[in-house]
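A quick write-up on the structure given underneath.
Computed over heavy atoms, backbone and side chain alike; hydrogens, waters and symmetry mates excluded. Given the structure is predicted, the values throughout are model-derived calculations rather than measurements. When a ligand or atom number is given, it counts from 1 through the structure's own listing order.
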Amino acid sequence: MSKLASNLQIDSARLWSTIHDTAKFGATPKGGVRRLTLGPEDKLVRDWFRAACEAAGCEVQIDALGNMFALRRGRDMSKPPVGLGSHLDTQPTGGKFDGVLGTLAALEVLRTLNDASIETELPLCVANWTNEEGSRFAPAMMGSAAYVGDFTVEDILSRKDAAGISVAEALDSIGYRGDSAVGTQKFTSFIELHIEQGPILEAESKAIGVVDSGQGVLWYDGKITGFESHAGSTPMQLRRDALATLSEIVLAVERIAIELGPNAVGTVGEAVIAAPSRNVIPGEIAFTIDTRSADAAIMDALDQRIRAAAAEIATRRKVEVALDLLWRKPPTRFDPKLVDAVEIAAKELGYSNRRITSGAGHDACNLNTKMPVAMIFVPCKDGVSHNELEDATQPDCSAGANVLLHTVLALAGVAK
Ligand code: HGY
Ligand code: MN
Ligand code: MN
């Protein structure tokens, strides 16, 4: 590789200001970002992203689920591009970096190559995947899951949010139901940069996480059917209280994850009482369970023990509990050669680094089932994410972007 290419560094100030400029789309008073997928704020950032990629000389394609692909031509257009990118949607209590860093650092890589007039041998393609967060519409990593065929496009288009709006209607409402079929855009490989969303890199003062694996995920939709009755006149022993039932289930999920730990986690993130009233014993509740492990056998144990606990609680409390497994994402093992390429780039750039498993799910985990994939992590403050306090430093973000740049150059090659 030429001396110019091997010494190339991204423009740290430009990346940092791009991250903070786009944070205005959905900015919250607490300094976070609320940019739910396919909502008005997501449209604003998508429009911005498309214009920025076109200004960087890319052809931008949008598929039927709104996945965005910005193609930078390479010398050899006969081969599929090396992919890089992440997602621009956020959680309701999201921050400035989750997904955003990986997508905007990918754009920064293109801008840096343009500034240096470097043509890569293979083309590059920056992706913004639709609905990675899975908050408004389930499942998470939705756009990339459909891309790899885990769900049909028709199924995903029909998914509805809490207000009954479908993915199809939401895509149409922001004008991002693209005309290319899902899966049309091919890749030779894919690299995703992301904040760790956990405490390890910061605690160990490591600049780079070389991600070699990722936890598997189980998502359940649950429904408890008890019996509404008078909060004052119903004797305690006759009550069939759906919220008291859920309270036991919540603690059971936590207990089981701790028992099966340290390589297991679990939580109930949503709970909705059907007809809440302070003087009515709750009769019906919808809830969700998210439980994960990097070990498939532990995932099976989580499933089996949570179902058994829910059944025991339901019988004892004379209520019905239905648990519907919405999504099972097996644990991820990233491509060893690509993981090595990330590690080599980090070492050659002089960044402290360590191998790490991703606790969070990512689009890269889906893509990994169809092509060689690896991920790069950088620390985030106190390991906090999915919280408006989410924060990272400019040097760490720049280090991650430089490792992304040099990993992509190693994979795509530099035209002679
Ligand atoms: O749920 C996840 O792990 C990701 O943040 N969507
Ligand atoms: Mn993310
Ligand atoms: Mn997230």
Need the atom name: nearest N/O/S atom of H386 to the Mn ion (ligand 3).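 Among the N, O or S atoms of H386, the one closest to the Mn ion (ligand 3) is NE2.
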Pair [X], [Y]: side-chain N/O donor-acceptor within cut-off below 3.5 Å:
X	Y	answer
Y351	N402	yes
H87	D98	yes
S12	Q394	yes
E270	T288	no

Sidechain-backbone polar pair: [X] side chain, [Y] backbone, donor-acceptor under 3.5 Å:
X	Y	value
T93	E388	no
T332	S213	no
S144	N366	no
K329	R292	no

Let me know which protein residues bring a heavy atom to under 4.0 Å of ligand 1; chain then number is fine for ordering.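 Contacts of ligand 1 under 4.0 Å: E132, E133, A140, R292, A360, G361, H386.
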Closest non-hydrogen atom pair, P81 against Q185: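 That closest heavy-atom pairing would be CG-NE2, 3.4 Å.
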When the ring centroid of H362 is compared with that of F377, is the distance short of 6.0 Å?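 Distance test on ring centres: under 6.0 Å, yes.
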Excluding waters, which protein N, O or S atoms are within less than 2.8 Å of the Mn ion (ligand 2)?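 Listed by chain and number, the atoms are H87 NE2, D98 OD1, H194 NE2.
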